[in-house]
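For this chain, numbers begin at 1 and follow the sequence in order.
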Amino acid sequence: QVQLVESGGGLVQAGGSLRLSCAASGRTFSSYGMGWFRQAPGQERQFVAAINRYGTNTYYTDSVKGRCTISRDNAKNTVYLQMNSLKPEDTAVYYCAATEAVNISWENLYKYWGQGTPVTVSS
């Protein structure tokens, strides 16, 4: 099992940047694919980005391609989401999640979740 804690969210103006961090506890962090999801008020949870357990493959939803970069440091048990050129539409609570599946794009197989960190992008 793994416990996840997100940080780095906050208030930023449109066009600005944030780097979200997800710190994991447990001895098996490198066994999990990691993903970032977000949920805006009144909307369903949405997939944002994912990275496989080796850090060799990444996957992004179209709305953030070119603006976001997911990365991980297994030695530090941490996954990151660098977000640039932020838009008001990016406003949401961002969640870190872990999957045991080898296919990181299978959204329904993420089993472990953090508490979320809010991101607000003002216009």
Could you tell me whether the side chain of L20 reaches within less than 4.5 Å of the side chain of T117, counting heavy atoms only?
yes
CD (E89) and OG (S63) are apart, to the nearest 0.5 Å, by 9.0 Å
Check the pair E6, Q115 against side chain to side chain contact (heavy atoms under 4.5 Å, CB included), reporting the backbone distance first and the verdict last.
CA-CA 7 Å; E6 303 95 333; Q115 85 290 347; 2.8 Å; yes
Report the C-alpha distance between V12 and T120 in whole Å, list the side-chain angles of each, state the deciding distance to 0.1 Å, and finish with yes or no for side chain to side chain contact (heavy atoms under 4.5 Å, CB included).
CA-CA 6 Å; V12 64; T120 301; over 6 Å; no
With sequence neighbours excluded, residues passing side chain to side chain contact (heavy atoms under 4.5 Å, CB included) with S85:
R67
Taking only residues two or more places apart in sequence, or in another chain, which ones meet S7 in a side chain to side chain contact (heavy atoms under 4.5 Å, CB included)?
S21
Test ring pair (Phe, Tyr, Trp, His ring centres under 6.0 Å) on F47 and F37 and set out the steps.
CA-CA 4 Å; F47 170 80; F37 296 75; 5.5 Å; yes
In chain order, what residues pass the salt bridge (Lys or Arg N to Asp or Glu O under 4.0 Å) check against R72, with sequence neighbours excluded?
none
Is there a donor-acceptor pair under 3.5 Å between the side chain of N74 and the backbone N or O of R53?
yes
To the nearest 0.5 angstrom, please state how far the CG atom of L81 sits from the CZ atom of R19.
10.5 Å
Hydrophobic cluster identity match, Y110 and V93, side-chain contacts under 4.5 Å
yes
From CG (N57) to CD1 (I51), nearest 0.5 Å
8.5 Å
Check: Q13 side chain, S123 main-chain N or O, donor-acceptor pair, under 3.5 Å
no
Heavy atoms of V79 and S71 approach each other most closely as CG2-O, 3.0 Å
Do M83 and Y60 sit in one hydrophobic cluster, given that two such residues count as connected whenever their side-chain heavy atoms are within less than 4.5 Å of each other, even indirectly?
yes
Got a donor-acceptor contact below 3.5 angstrom from the T78 side chain to the K76 backbone?
yes
I need the N77 CG to M34 CE distance, nearest 0.5 Å.
9.5 Å
Are L18 and V48 grouped together when hydrophobic residues (ILVMFWY) are joined by side-chain heavy atoms under 4.5 angstrom apart?
yes
Listed partners of V2 passing side chain to side chain contact (heavy atoms under 4.5 Å, CB included), at least two apart
L4, A24, Y32, A98, Y112
Verify the distance criterion only: is there a donor paired with an acceptor across the side chains of S17 and N84 at less than 3.5 Å?
yes
State plainly whether one hydrophobic cluster holds both Y94 and V5, where clusters connect Ile, Leu, Val, Met, Phe, Trp and Tyr through side-chain heavy atoms under 4.5 angstrom apart.
no
Is there a path from Y59 to Y95 through hydrophobic residues (I, L, V, M, F, W, Y) whose side chains come within less than 4.5 Å of each other?
yes
Test C22 against W36 for side chain to side chain contact (heavy atoms under 4.5 Å, CB included), laying out the working first.
CA-CA 9 Å; C22 175; W36 286 96; 3.7 Å; yes
Enter the distance from T99:OG1 to N108:CG here, rounded to the nearest 0.5 Å.
8.5 Å
Of all residues at least two apart in sequence or in a different chain, which pass the side chain to side chain contact (heavy atoms under 4.5 Å, CB included) check with S25?
Q3
Return each pair, listed once, that meets salt bridge (Lys or Arg N to Asp or Glu O under 4.0 Å) where at least one residue sits in residues 34-51; pairs must be two or more places apart or across chains.
R38-D90
For T91 and V121, indicate whether the former's side chain and the latter's backbone hold a donor-acceptor pair under 3.5 Å.
yes
